[in-house]
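Numbered from 1 within each chain, the chains take letters A, B, ... in sequence-line order. Computed over heavy atoms, backbone and side chain alike; hydrogens, waters and symmetry mates excluded.
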Amino acid sequence: MSTTLETIQEQIQANPVLLYMKGTPQLPQCGFSAQAVQAVMACGERFAYVNILEHPDIRAELPKYANWPTFPQLWISGELVGGCDIITELAQQGELEPMIKAAVAA
Amino acid sequence: MSMQAHIEAQLAELAPLYLAVENESHQHSKGTDSHFKITLVSEVFAGLLPVKRHQKVYALLAQALNSGVHALALHLYTPEEWQARQQERPDSPGCYGGGH
């Protein structure tokens, strides 16, 4: 039985593009998660997501591990990229898609 | 002290050249001191990636985030970036009220 922290670390290592969000890409439960997942989906690559509403342990532990208090959180290649504001700004500047494509290709 | 005043006081540490703390809680369903939008312009952000800028602000506002603030929209710029944007910051998305 692995700890929550180990689960988080495994998820982040195993998935080059990983979005922790409230709800699912089809049914986001928060406007900030909705805006973030829309930007990630627009990049056209496969990505992993974790619905933190179904995983209260991850919801409680990840903010401490990430030094980031809120959701959504986008992780690319094992690094925290940011939340909704940063994701949206990267997308608007055309930087999100190359970041995601590079991570998936690596 | 109101939550808004507390946030403004905490952020003074970043020596902001421009600081706007807007209470957007009325757009949401989580109470009157739940959603804030912060626009902050400071030299301390120079050379820092967005994620590091946000972490600086989160560190100063840890107490607020532990006492009922549900969402913070952060727009953090250096003076040069702020000029280049012509001093405009984006609108926040709506909260659907989910998550609790």
Review point. Do Leu72(B) and Leu48(B) belong to the same hydrophobic cluster, where Ile, Leu, Val, Met, Phe, Trp and Tyr are linked whenever their side-chain heavy atoms lie under 4.5 Å apart, directly or via other members?
Key: no
Exercise for review: Check each atom of Leu65(B) against the heavy atoms of chain A and say whether the ones under 4.5 Å are side chain, backbone, both or neither.
Suggested key: side chain
Revision key, fill the gap. Bottom line for Leu49(B): the part with an atom under 4.5 Å from chain A's heavy atoms is neither
Check your understanding: How long is the span from the CG atom in Leu80(A) to the CD atom in Gln55(B), to the nearest 0.5 Å?
Key -> 6.0 Å
Exercise for review: Please work out which of the three classes, parallel, tilted or perpendicular, describes the rings of Trp68(A) and His54(B), given edges at 30° and 60°.
Suggested key: parallel
Check your understanding: What residue, out of Thr70(A), Asn67(A), Leu90(A), has the most heavy-atom pairs lying under 4.5 Å from chain B?
Key -> Asn67(A)
Review point. Hey, does the side chain of Glu89(A) reach the backbone of Pro50(B) with a donor-acceptor pair shorter than 3.5 angstrom?
Key: no
Exercise for review: Indicate yes or no for a side-chain donor-acceptor contact from Asp85(A) to the backbone of Leu74(B) under 3.5 Å, with no hydrogens or angles considered.
Suggested key: yes
Practice item. Identify whether Tyr18(B) and Ile38(B) are in the same connected component of the hydrophobic contact network (ILVMFWY, side-chain heavy atoms under 4.5 Å). Key: no
Exercise for review: Report yes or no: do Leu76(B) and Ile87(A) belong to one cluster of Ile/Leu/Val/Met/Phe/Trp/Tyr joined by side chain heavy-atom distances under 4.5 Å?
Suggested key: yes
Check your understanding: Is the number of heavy atoms from other residues, nucleotides or ligands under 6.0 Å of Glu24(B) CD greater than 12?
Key -> yes
Revision key, fill the gap. Cut-off 4.5 Å, heavy atoms of chain A, and the answer for Ala71(B) is side chain
Output side-chain donor-acceptor pairs under 3.5 Å for residues 43-50 of chain A, partner residues at least two apart or in another chain, one line each.
unit_1   : atom_1 : unit_2    : atom_2 : d
Glu45(A) : OE2    : Lys101(A) : NZ     : 3.2

Point to revise | Val44(B) reachable from Leu17(B) in the ILVMFWY side-chain graph, under 4.5 Å edges | key: no
